[in-house]
Chemist: 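Starting off with a structure, shown below.
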2 protein chains.
Amino acid sequence: MSDRVVPPAARQRRRPTRQGVVLSAELIVDTALRLIEEHGADALSVRRLGRALGADPSSLYRYFRHTDDLMLAIADELIGRTLRSWRPTGDWIADLRDLGLRMHAGALAHPRAAVLSAHRVTGRAHEIQAVESILGVLRRAGFPGQEAVRIYHAFVDQALAFGALDSAGTALPRAAREAEAEVWRTTYGRLAADSHPHIAATARHLVTTMRTSSYPAALDLFLTAARTRLAELRAGTGHPRPH
Amino acid sequence: MSDRVVPPAARQRRRPTRQGVVLSAELIVDTALRLIEEHGADALSVRRLGRALGADPSSLYRYFRHTDDLMLAIADELIGRTLRSWRPTGDWIADLRDLGLRMHAGALAHPRAAVLSAHRVTGRAHEIQAVESILGVLRRAGFPGQEAVRIYHAFVDQALAFGALDSAGTALPRAAREAEAEVWRTTYGRLAADSHPHIAATARHLVTTMRTSSYPAALDLFLTAARTRLAELRAGTGHPRPH
DNA sequence: CTTAACAGGTCAACGGTGTTGTCATAAGGT
DNA sequence: ACCTTATGACAACACCGTTGACCTGTTAAG
């Protein structure tokens, strides 16, 4: 039953739902995002989404082949929103840092969707545009093709992976999250110096550092390494390994 | 119904299953891990697990309150296994790379558990041991306290985040995973050079690079940056920003 | 203006899921 | 040998994604 979905361009007979709603792929994606935001990732099911839209669940299969298809559409919408807010300046390091922080912030703004979509390749318009833009930044900076792709891959995955990780953290029930903060203060803050010398010596820093995201620090380390790599390439000493 | 679970120590009447199996929390965790490895991540359901054990699904609720509880027990077991397999040598870069790769591999071997447990702080024995070990490696390498904590945080989160990201990828249904590989080959491999110059110029590399995990590359970049940072600290020029 | 085609909404059903209230029984202590 | 009770089994509940068949309003052609 794969001809159930009609490509958006060919749609014309917009018959309203029994409850008076006129469906569209856009409306479905927006509603799904709202649903995820308001009631958590588990709230996203075909049946609930149908109910929220005022339509029979099976109607959605006129717009998306299956749930996965819908997830990809949601992911692409998120990519689009992030990309539209980005203003590259020409300074490749600053631009990548800015984009990375925006991707991370975008994920945190839609934690549940981020967790569900971070690992998907959509192949849709917004994603393609993002790939093209980032590759452009790297190649203009001077990275040759293969190296640009490797850096691109690591950069994007790092932003997505940390976005999903930190999102999953904020998606925890409030009680569980506070319990985790407590663990750092009490458990790790009180270990004896003779049994756990390194933890005891840095306990003060652990308590303060571990409660915030490590992504900004990881991103800066990443950019440092990329700059180092570019310098090596320019010098002609192309050994990519760190030692 | 939370008193359904009896703490392991209090168990005494080990009544065998109708099919002759004597249940235990350990046996359940081991069977779950085996199930995940043999039949993929989505093969793990309470009902399937019951079937694999030769017991009624509801019996499992005598040992774990709910599925999440079971997942945490599995995760804890995984941390232990990873750490036990690690043999630090004294070369801090090699040791961190080895541990990072082991953490990543451990996550990939048990995708479902990795995804669910990556963002949790347990405060349990194995975790504490890991923190102490890694901090020790960094401080012996010469990083001062605060800097060691920052590097530690970024290192661990990066390993966990990539582990979860890549795990989520392998946890996809086979069809969806193959569809993603196709997207890189067809969609990205065929974009016109005038509309998408950078993608077109690197299409060959994209197709080959994007289907593998970027974690090894990201890890090497991370270690490169850490080495750079250490050199800066030794030289006394402590500006942590990449430009 | 009528009419016929068909896009698209609806209904009912299938086989799966996690979870729980209830019951039955074998193990263990006495 | 008996009694208690831990623990396994059963049946049921409310969900889930998905699909095949049906029905009906919209639209384009005549």
Side-chain angles (χ1 to χ4, degrees), chain A residues 1-28 31-32 35-36 39-72 74 116, chain B residues 1-28 31-32 35 39-72 112 116 171-173 175-176:
Chain A
M1 195 86 332
S2 61
D3 55 345
R4 193 161 233 172
V5 175
V6 169
R11 287 189 179 274
Q12 28 190 6
R13 309 196 179 176
R14 332 303 337 291
R15 154 135 73 137
T17 279
R18 175 140 303 201
Q19 298 182 38
V21 184
V22 176
L23 294 180
S24 70
E26 269 193 10
L27 178 62
I28 294 174
T31 306
L35 213 56
I36 290 174
H39 307 303
D42 302 349
L44 187 64
S45 76
V46 176
R47 303 176 106 103
R48 271 201 228 231
L49 185 49
R51 219 177 302 139
L53 281 162
D56 188 272
S58 63
S59 302
L60 307 188
Y61 289 88
R62 301 277 183 205
Y63 295 84
F64 302 96
R65 260 191 282 282
H66 33 246
T67 331
D68 211 60
D69 220 21
L70 173 59
M71 284 315 308
L72 292 185
I74 294 174
L116 289 180
Chain B
M1 198 76 345
S2 61
D3 55 346
R4 193 162 234 172
V5 175
V6 170
R11 289 191 177 272
Q12 30 188 7
R13 307 197 180 176
R14 331 301 342 287
R15 154 136 75 139
T17 280
R18 175 140 302 200
Q19 298 182 38
V21 185
V22 176
L23 294 180
S24 70
E26 268 194 10
L27 178 64
I28 294 174
T31 306
L35 213 55
H39 306 299
D42 40 359
L44 188 64
S45 75
V46 176
R47 301 174 107 102
R48 273 203 227 231
L49 185 49
R51 221 177 300 140
L53 281 162
D56 189 90
S58 64
S59 301
L60 306 188
Y61 289 87
R62 299 277 181 207
Y63 296 84
F64 302 96
R65 258 188 279 283
H66 34 245
T67 330
D68 214 54
D69 220 22
L70 172 60
M71 292 310 310
L72 286 184
R112 280 268 283 244
L116 288 181
L172 283 178

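Here is the naming used below: chain letters follow the sequence lines, and residue numbers restart at 1 for every chain.
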Chemist: Any chance you could lay out the side chain to side chain contact (heavy atoms under 4.5 Å, CB included) test for B:Leu60 and B:Leu70, step after step, and finish with the verdict?
Modeler: CA-CA 9 Å; B:Leu60 306 188; B:Leu70 172 60; 5.5 Å; no
Chemist: Restricting to side chain to side chain contact (heavy atoms under 4.5 Å, CB included), what partner residues turn up for B:Asp56, sequence neighbours left out?
Modeler: B:Ser58, B:Ser59
Chemist: To the nearest Å, how far apart are A:Leu60 CG and C:dC11 P?
Modeler: 14 Å
Chemist: To the nearest Å, how far apart are A:Leu27 CG and C:dG8 P?
Modeler: 15 Å
Chemist: Would you say the side chain of B:Val46 lies within less than 4.5 Å of the side chain of B:Thr67, judging by non-hydrogen atoms?
Modeler: yes
Chemist: Summarise protein proximity over nucleotides 10-18 of chain D in one line of letters, 5' to 3': B for base, S for sugar-phosphate only, - for none, counting protein heavy atoms closer than 4.0 Å.
Modeler: B-B---BBB
Chemist: Please determine whether any donor N or O and acceptor N or O are separated by less than 3.5 Å between the side chain of A:Arg15 and the base of C:dG8.
Modeler: yes
Chemist: Could you walk me through whether A:Phe64 and A:Val5 pass side chain to side chain contact (heavy atoms under 4.5 Å, CB included), step by step?
Modeler: CA-CA 6 Å; A:Phe64 302 96; A:Val5 175; 5.7 Å; no
Chemist: A:Ile28 CD1 to C:dG9 C1': how many Å, rounded?
Modeler: 12 Å
Chemist: Can any side-chain N or O of A:Ser24 pair as donor or acceptor with the backbone N or O of A:Leu27 at less than 3.5 Å?
Modeler: yes
Chemist: Taking side chain to side chain contact (heavy atoms under 4.5 Å, CB included) as the test, write out the residues that go with B:Met71, two or more places apart.
Modeler: B:Leu44, B:Ile74, B:Arg112, B:Ala113, B:Leu116
Chemist: Mind calculating the distance between CZ (A:Arg62) and C1' (D:dG25) to the nearest angstrom?
Modeler: 14 Å
Chemist: Is the phosphate of C:dG8, meaning OP1 or OP2, less than 4.0 Å from a side-chain N or O of A:Tyr63?
Modeler: no
